[in-house]
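Data first, discussion second: the structure below is written as structure tokens.
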Amino acid sequence: MKIKRLVLLKGLVCLRKSGVLLYLYGFFMLIAGIVCIVLTPPFQVADEFNHFMRAIQISKGHIVGIRRDPLTAGGILPSSLINMGQSFNYLKFSPDNKVDLVGLSDAYMTPWSQQTEFVGYANTVFYPPSSYAGVVLGVWCGHALGMRPLATLYICRAINGLICFGLVMIALVLAGPVAPFLAIMLALPMSISLMASTSQDGILLALSALVCAILGRCFNKKDERITKTLILLSGVLLACIAAAKMPYAPLLFLPLCLMVRRGVSVLWPVISCCVGWLLFIGWAILGIRPSITKLAPIGASSCDQLVFVLHHPLRMVITVVEFVLSSFRQLLQEAIGVLGWLDTFFSPTFYYIAEICLTVCFWAMFYSVVRKPQKKNIIYAACVLFLLFASGTGIILALYVNWTPVAATHIDGVQGRYFLPLMLFLPIIVPLFAHQNSDKKNITHRRQGIVLIAQMIACGFMVFSTFSLYTNLSMRFWP
């Protein structure tokens, strides 16, 4: 019996070292990406049309958006593009409506018109070019191949998805024992849908996973040339993430967690942090400030809301706490996967399975290291958690101030997908709980087994997620 267990364990270790699970992730995510690209109708990912228009604007060399007045900002785009995009509005927030195949065919035949007009898309006009690298490349390829707007959209989805999946694969190679948790997070239907669209949120997820893996990789590395390069790269990537969503700005301090390392210089983490802040502030001044508007729903006013908060600070705290307690379950489901315009739900069983897999792989991360943290490490881990908490709170407060009616007892506009990048940074605390001199020899066979089981769970969930995506998207959108 002991011999059989030993043989099985050695076989699993060989399986892990061979990278089979990594290849399986790439295989299943490629299938899932194709499923999302093909079965998701045009512009049926939240705000995809506005993201597509922003990418077209950048592809023409217009990096900074145009603000016409305090309530209107956007760009000059072909007139036919607007009509084509609006022809799919009948699917938004209407779960019973299916794709009109005749209308889809007509939209496909819509050409790029020579006539242009100003189009407002105030909610995406200030996003940085780094968020649309894949989509802009797709627009250029579409123009080079003489494709119409709708065909260009699908090319953009495909290229953006390939870039995102490539970044994720690199992250999983670097991630080590935290790879199963990252793999499940990035195999969630919401993650796949965003990465296989023209939305900037997809690239943010891939970059978040990559930064998490880089920082985790650098914890037990000496200050060699490659390590210094990776530390600086993490600061640049964090600047791209924070520039895309300003409430993520506290994440720019994450490279400082590398200061806990023994016997190495603290200079490079500090430089990385400073580089990130300089790039973030630079885009805030040059890109966001000239194009941001005061557009808000009826009854919402950031100035009036701030005055109310100053006079009733306790009321704001109570509103935020009550919102988190009452909406936590809904936000978690949205983060896992409520697709389309938050109108395409999965079965309750799917959400329970996803939550169980995430929980198991999250705790498995801590069994993969030798847990002998020093007091300083615990303090740094608490600081990392505080930065994630500050970013999450910043998202809620930003929408409370800018998007919620003054003095309201609820908060509007908060969506679960906004918290996915923050969840991807959770594995950063794992190396902080490891002994500085820990290596693979110190890891027990039991812990190796737990990590391998987590990898198997992640792989199984990818298959389950791909099948569920195909089933749900087919039933929701197609006759």
Side-chain angles (χ1 to χ4, degrees), residues 9-10 12-26 29 165-187 205-224 226-231 233-234 237 254-255 257-258 260-262 264 269 357-373 377 380-381 384 421 423-459 461-462:
L9 182 60
K10 287 185 176 181
L12 291 174
V13 171
C14 291
L15 181 63
R16 183 183 67 175
K17 291 182 178 179
S18 66
V20 172
L21 296 179
L22 180 66
Y23 299 141
L24 287 176
Y25 173 86
M29 290 305 99
F165 291 146
L167 293 173
V168 170
M169 294 287 284
I170 297 173
L172 293 180
V173 170
L174 299 174
V178 305
F181 178 77
L182 293 180
I184 288 186
M185 284 293 304
L186 295 163
L205 294 178
L207 292 179
S208 298
L210 183 57
V211 172
C212 176
I214 288 174
L215 293 178
R217 187 79 169 183
C218 292
F219 265 105
N220 289 323
K221 298 293 183 180
K222 297 180 180 180
D223 276 345
E224 301 171 348
I226 183 64
T227 305
K228 295 175 183 178
T229 303
L230 289 175
I231 293 174
L233 178 62
S234 68
L237 297 181
L254 283 177
C257 67
L258 294 175
V260 75
R261 300 178 301 163
R262 291 180 180 177
V264 293
C357 292
L358 282 171
T359 303
V360 170
C361 289
F362 178 80
W363 289 111
M365 291 189 301
F366 292 95
Y367 285 94
S368 63
V369 298
V370 178
R371 294 170 293 168
K372 295 180 181 179
N377 296 54
Y380 273 82
V384 171
M423 296 170 67
L424 285 167
F425 283 110
L426 282 173
I428 291 179
I429 65 175
V430 173
L432 289 168
F433 283 93
H435 191 273
Q436 286 291 318
N437 297 321
S438 63
D439 54 23
K440 293 182 180 180
K441 295 180 180 179
N442 293 327
I443 301 176
T444 64
H445 291 298
R446 179 175 295 181
R447 286 177 179 167
Q448 280 188 347
I450 291 174
V451 173
L452 291 168
I453 290 172
Q455 291 178 334
M456 297 301 179
I457 291 174
C459 191
F461 180 78
M462 285 184 276

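Since we're looking at a predicted model, the values are computed, not measured. By convention here, the first residue in the shown sequence is residue 1.
Contact of the V211 side chain with the F425 side chain is registered, since non-hydrogen atoms from C-beta on lie closer than 4.5 Å. Inter-residue side-chain proximity for V360 and I453 is flagged as unmet; no heavy-atom pair is nearer than 4.5 Å. Side-chain contact between L210 and L233 is absent, with no heavy-atom pair separated by less than 4.5 Å.
Closest of all the heavy-atom pairs between L424 and M185 is CD2-CB, 3.5 Å. The nearest pair of heavy atoms linking F219 to I428 is CE1-O, 3.9 Å. Summarising the geometry of A179 relative to L172, their closest heavy-atom pair is O-CD2, 3.6 Å, with the distance given to 0.1 Å. For the pair A213 and L174, the tightest heavy-atom approach, listed with the atom from each and the gap, is CB-CB, 3.8 Å. Of all heavy-atom pairs between I429 and A381, the closest is CG2-O, 4.0 Å. Residues A458 and A183 approach most closely at CB-CB, 4.3 Å, considering heavy atoms.
Atom CE of M423 is separated from atom CG of L182 by 11.0 Å, given to the nearest 0.5 angstrom. With values rounded to the nearest 0.5 angstrom, L215 atom CG is found 6.5 Å from L254 atom CG. With rounding to the nearest 0.5 angstrom, the SG atom of C212 is 12.5 Å from the CG atom of L207. Atom CD1 of I457 is separated from atom CE of M462 by 11.5 Å, given to the nearest 0.5 angstrom. Rounded to the nearest 0.5 angstrom, L258 CG and C218 SG are separated by 6.0 Å. Going from atom OG of S234 over to atom CD1 of I214 covers 6.5 Å, rounded to the nearest 0.5 Å.
F181 meets the ring pair (Phe, Tyr, Trp, His ring centres under 6.0 Å) test with F362; sequence neighbours excluded. For P421, the side chain to side chain contact (heavy atoms under 4.5 Å, CB included) partners are L205, S208, Y248, not counting sequence neighbours.
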